[in-house]
2 protein chains.
Amino acid sequence: MTNIQQVAKQAGVSVATVSRVLNGQNTVSSKTRIKVEEAIKNLNYEPSMLGRNLRNSESRILLILIPSISNPFYLEIIKGIEQIALSQNYNILLCETDSNPEKENIYFDLVRKKMADGIISMDPAVNIETLKELAEKYSIIQCSEYNLDSGIPYVTIDNEEASYRAVKHLIQIGHKKIALMNSDEKFLYARQREMGYQRALEEHEIPLNDDYIIYTKHLGFEHGQQAVKKILAIQDRPTAIFAVSDLLAIGALKEINASGLHVPKDIAVIGFDKIDFSNMTNPTLTTIAQPMYKMGTVAAEMLIDKIRGNDVDNVILNYELVLREST
Amino acid sequence: MTNIQQVAKQAGVSVATVSRVLNGQNTVSSKTRIKVEEAIKNLNYEPSMLGRNLRNSESRILLILIPSISNPFYLEIIKGIEQIALSQNYNILLCETDSNPEKENIYFDLVRKKMADGIISMDPAVNIETLKELAEKYSIIQCSEYNLDSGIPYVTIDNEEASYRAVKHLIQIGHKKIALMNSDEKFLYARQREMGYQRALEEHEIPLNDDYIIYTKHLGFEHGQQAVKKILAIQDRPTAIFAVSDLLAIGALKEINASGLHVPKDIAVIGFDKIDFSNMTNPTLTTIAQPMYKMGTVAAEMLIDKIRGNDVDNVILNYELVLREST
DNA sequence: TATGTAAATGTAAACGATTTCATTTTATTC
DNA sequence: GAATAAAATGAAATCGTTTACATTTACATA
């Protein structure tokens, strides 16, 4: 493997000059620049990131913490992150935590060990204490899920408002018996979306019915199936369901179909996220679209900014209601 | 940021000894080991990967080349890769090429620049010439899609046989007019699966009908929708469709439903891959299960083996026919 | 031609670990 | 207690860059 010394020797200059050519510094005369470039070509030289990174004390790697790679919600965000990262010569390390503290710690270690320059955390189940502690020494951004008092910069949408909008839509098309399929209340977004749900009902003087609120442990398809079974078993069956994630909603769709009922005739369903798949179901899913790609680009920009030592502000992006067949 | 020197000073030993403690070498007396460990704790020291990697000329990063992160087929493979990688102290860099040679080249550069120790390529559209060239100097494995004459080790399934099995299933349940929804013939797997299709038909003396073979550019949901439209428009309409990817099949399902026909009553559909979503559709999708997780673990093991300088053999894994509602 | 200034280039010290080889310390045996 | 072997430790080179600082070269001016 050829190194910078050999290039310097071949070109008859010092390593400093080669380095300058490599980094496009304009203090090199065009005559020597050409000599160096020829030597590089001759020797098939590729500068080693290992040396470069050590010298610059950086890894040019960004860590992305997600609970599960199977949830398509994150994929679009990741694409956004990647676009910005690549354009700034960063690479991204995708880290699936499975909401498992041990795995999480493996990844945290990567930034402690300088294997990564910063973290974008999207795991709602992240250990916030550790994250806070880490944020004192390293660059960290929270994306989608966040903590108000942590002091860690975040990008997100207004969950309460978006949820309110979703439920209001159901009310507007005539529903009064509306179930909420929520995830675990320990998550901030879950609490926020429940508040939006409540506000919409209150505003239209629909009494709150605790039986209509179902919690699931995770946001998976199967959990949607399970949860909807409970909802269908309720005596005074709801005529509409608001699920806080498309995956839950798609699980619900499937199970409702299986039970012989029809969406939206018997029960309307509305999801949250607008993942790719929400358009592939039968019927297609009405949902709240999160600007996922944008969220990714913003998060990446914030993180890189932070790595450079700048202060960054929190960002709240807009959502959109996407009307489709399921309502 | 504290470094190994400071730890050595604090512990009153040389950096060599600290390094030995760090790497669990047993030539250190327990008395000094304790001294060093205390110093490490006191100073909150974390060894820098940057120094370590330079010294060891390795990055401990594996590159994974996939055409698109949106195709769930790859996700399960990635999980398998990750499991092995983590257990061997490697991390994985997920690289989405979009089958775009430029993007591909950015990622190839990472291994040239020592930012990655090896590549697992899953991109069927990969520039095989560049890959071959790269494989002479670096460790590369092909996963799922491969090239026979490239000399690059691969892990895959027997596509011809699996395809044969799928079509045979359709024939066994009474179908004679069977369409093949294939991807582009430039891909080896596409040609292999078409051969399996032909063999099954021939074996049961069903004449080949060129109109029944449709090619799509990509393996996406929308492409399945498009393709099935053509199939439905055929005069002598097929009673069954074999799609070479679940995503295509799911697109077909959706479009068939939309056109008022019923699966499997009017048209049976069988897919390929057994992605998670194939179980979430209505009706659920009969499909050929690829051992994706296993494929991932095997690929990772092969690659790490290769990085260590060992020779590795090609591996062909078993598939399985999964019967569900769509046939 | 001598001098001053700017541009181009070089020297050598980092960056933070690992490891070879030399040296010191400890344990073992007679 | 001396001789020897074995175990523990240290000094210094090394990995491949970048860059501060020193030095040389080129050029303009008087």
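We name chains A, B, ... by the order of the sequence lines, and we start the count at 1 in each one.
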Quiz item: Name the one of A:Tyr189, A:Phe187, A:Tyr154 that satisfies ring-ring contact (aromatic ring centres under 6.0 Å, His included) with A:Tyr146?
Solution: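 Output: one option passes, namely A:Tyr154.
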Quiz prompt | SB check A:Glu301 A:Lys306 (cutoff 4.0 Å) | solution =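 Salt bridge flag = no for A:Lys306 with A:Glu301.
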For [N], does OP1 or OP2 lie under 4.0 Å from any side-chain N or O of [X]?
X	N	answer
B:Ser48	C:dG16	no
A:Thr32	C:dA8	no
B:Arg52	C:dT18	yes
A:Asn56	D:dT17	no
A:Thr17	C:dT9	no
A:Ser19	D:dT19	no

Quiz item: Can you name the residues that form a salt bridge (Lys or Arg N to Asp or Glu O under 4.0 Å) with B:Arg60, not counting sequence neighbours?
Solution: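 Result, salt bridge (Lys or Arg N to Asp or Glu O under 4.0 Å) vs B:Arg60: B:Glu58.
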For the side chain of [X], counting heavy atoms from C-beta on, which of [options] is nearest?
X	options	answer
B:Arg20	D:dC15, D:dT18, C:dT20	C:dT20
B:Asn3	D:dT18, C:dT11, C:dG16	C:dG16
B:Val13	C:dA8, C:dC15, D:dG10	D:dG10
A:Ser29	D:dA20, C:dA8, D:dT17	C:dA8
A:Ala16	D:dT17, C:dG10, C:dA17	C:dG10

Quiz prompt | Closest-nucleotide 5' rank along DNA chain D - winner of B:Asn26 and B:Ser57 | solution =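 Closer to the 5' end of DNA chain D: B:Asn26.
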Quiz item: Which residue lies toward the 5' end of DNA chain D, B:Arg33 or B:Lys114, if each is placed at its nearest nucleotide?
Solution: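 Whichever sits nearer the 5' end wins; that is B:Arg33.
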Quiz item: Start at the 5' end of DNA chain C and walk down; is the nucleotide closest to B:Glu46 or to A:Thr27 reached first?
Solution: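 Nearer the 5' end of the strand: A:Thr27.
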Practice problem: Answer with yes or no whether A:Arg55 presents, from its side chain, a donor or acceptor under 3.5 Å of a partner atom in the base of C:dG16. | Solution: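 Flag unset: no donor-acceptor pair detected.
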Quiz item: Given atom CG of A:Leu50 and atom C1' of D:dT18, what is their separation to the nearest angstrom?
Solution: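 About 15 Å, once rounded to whole Å.
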Practice problem: State whether a side-chain donor-acceptor pair under 3.5 Å links B:Asn147 with B:Ser150. | Solution: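 Absent: no donor and acceptor within the cut-off.
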